[in-house]
Amino acid sequence: MKRIWVWSFLIMVSSIVLIFYYSTDPVHTHSGVPCTFKIVTGYNCSGCGGQRALHLLLHGEFLQALRYNFLIIFFPFFIYLLYVVIKVYILKENNHIPKFMFSNDLGTIVLVIVILFTILRNIPYKPFIYLAPPP
């Protein structure tokens, strides 16, 4: 019974978020969640532009979404990681863990990419300015 409630809740919340970002353009309405890192430091974090990228992805504009935040290419991995966390830690279903698991090396590589992306997108010279989301 717990499984039904967990999955129902997650599907409901995901649907609300997707409908919101599909119907609301963060570029023109400024209705997204502001980035705390950018407010405090003035620099772009690795997630800056992600809400605008999600909106564009939902409208099928993949290349434009990449312009706002190229880390959206990791989106399938984050969905899979969320799935594993729900199965193992929330539902306690250790006997049916999916075959593909993230290794420590893969986690380290992703962390290095995210940190490098954050540093490079804040360098105000070409070609690095193309990593920053458009204003």
Side-chain angles (χ1 to χ4, degrees):
M1 190 65 170
K2 182 180 178 183
R3 293 180 71 209
I4 293 171
W5 287 108
V6 169
W7 288 114
S8 298
F9 176 75
L10 290 173
I11 290 170
M12 182 181 65
V13 169
S14 300
S15 299
I16 291 170
V17 168
L18 291 176
I19 289 169
F20 174 78
Y21 280 110
Y22 182 83
S23 61
T24 307
D25 185 359
V27 173
H28 297 103
T29 61
H30 304 291
S31 61
V33 179
C35 177
T36 306
F37 183 80
K38 183 155 183 145
I39 291 170
V40 172
T41 66
Y43 294 108
N44 292 312
C45 73
S46 60
C48 283
Q51 295 175 75
R52 293 173 281 178
L54 177 60
H55 172 77
L56 291 166
L57 272 181
L58 292 173
H59 287 275
E61 299 180 31
F62 183 74
L63 292 177
Q64 187 66 16
L66 280 174
R67 175 67 179 101
Y68 279 96
N69 193 322
F70 99 96
L71 290 181
I72 60 171
I73 60 174
F74 290 119
F75 191 68
F77 297 109
F78 291 132
I79 295 296
Y80 176 76
L81 182 61
L82 179 63
Y83 170 74
V84 170
V85 166
I86 291 167
K87 267 190 104 68
V88 173
Y89 295 106
I90 295 175
L91 299 176
K92 307 287 189 209
E93 294 180 9
N94 296 335
N95 55 348
H96 296 296
I97 297 174
K99 300 272 188 232
F100 174 77
M101 291 296 292
F102 289 100
S103 67
N104 289 339
D105 292 337
L106 180 61
T108 303
I109 290 169
V110 169
L111 181 63
V112 168
I113 289 171
V114 167
I115 290 171
L116 272 174
F117 178 60
T118 302
I119 293 169
L120 293 176
R121 75 187 321 203
N122 287 295
I123 298 174
Y125 302 107
K126 285 185 179 181
F128 306 111
I129 58 171
Y130 299 113
L131 294 175

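Just so we're clear, the structure is a prediction, and the values are computed from it rather than from any experiment.
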Worksheet, complete the sentence: Heavy atoms of C48 and R121 approach each other most closely as O-NH1, 3.1 Å
Worksheet entry | Closest non-hydrogen atom pair, F70 against I113 | CZ-CG2, 4.3 Å
Worksheet item: Residues in side chain to side chain donor-acceptor pair (under 3.5 Å) with N122, at least two apart?
Response: none
Worksheet item: Can you pull the side chain to side chain donor-acceptor pair (under 3.5 Å) pairs that have at least one residue in residues 46-66, sequence neighbours excluded?
Response: Y21-Q51
Worksheet item: Got a second to check how far T24's OG1 is from L58's CG, nearest 0.5 Å?
Response: 11.0 Å
Fill in: Qualifying residues under side chain to side chain contact (heavy atoms under 4.5 Å, CB included), relative to I72, sequence neighbours excluded
A53, L57, F62, A65, L66
Worksheet item: What pair of heavy atoms forms the shortest contact from V110 to F74, and how long is it?
Response: CG2-CE2, 4.3 Å
Discussion item. Which residues pass the side chain to side chain donor-acceptor pair (under 3.5 Å) test with T29, not counting sequence neighbours?
Written reply: S31
Item to complete: Any chance you could measure I19, atom CD1, to I16, atom CD1, to the nearest 0.5 Å?
Response: 7.5 Å
Worksheet item: Which ILVMFWY residues can you reach from I39 by hopping between side chains whose heavy atoms are under 4.5 Å apart?
Response: none
Worksheet item: If you group Ile, Leu, Val, Met, Phe, Trp and Tyr by side-chain heavy-atom gaps below 4.5 Å, do L120 and I73 land in one group?
Response: yes
Fill in: side chain to side chain contact (heavy atoms under 4.5 Å, CB included) partners of L10, counting only residues at least two apart
V6, W7, I86
Worksheet entry | Other cluster members, I11 - Ile/Leu/Val/Met/Phe/Trp/Tyr, side-chain contacts below 4.5 Å | none
Discussion item. Listing request: all side chain to side chain donor-acceptor pair (under 3.5 Å) pairs with a residue in residues 123-132, at least two apart in sequence or in separate chains.
Written reply: none
Discussion item. Using the rule that Ile, Leu, Val, Met, Phe, Trp and Tyr join whenever any side-chain heavy atoms are under 4.5 Å apart, tell me whether L131 and V114 fall into a single cluster.
Written reply: yes
Worksheet item: Taking only residues two or more places apart in sequence, or in another chain, which ones meet P134 in a side chain to side chain contact (heavy atoms under 4.5 Å, CB included)?
Response: R67, Y68
Discussion item. Can you confirm whether F75 is buried at CZ, in the sense that more than 12 heavy atoms of other residues, nucleotides or ligands lie under 6.0 Å from that atom?
Written reply: no
Item to complete: For I119, enumerate each residue passing the side chain to side chain contact (heavy atoms under 4.5 Å, CB included) test, keeping only those at least two apart in sequence or located in another chain.
Response: I115
Item to complete: Determine, stepwise, if the pair F117 / N69 fulfils side-chain contact (heavy atoms from CB on, under 4.5 Å).
Response: CA-CA 10 Å; F117 178 60; N69 193 322; 3.7 Å; yes
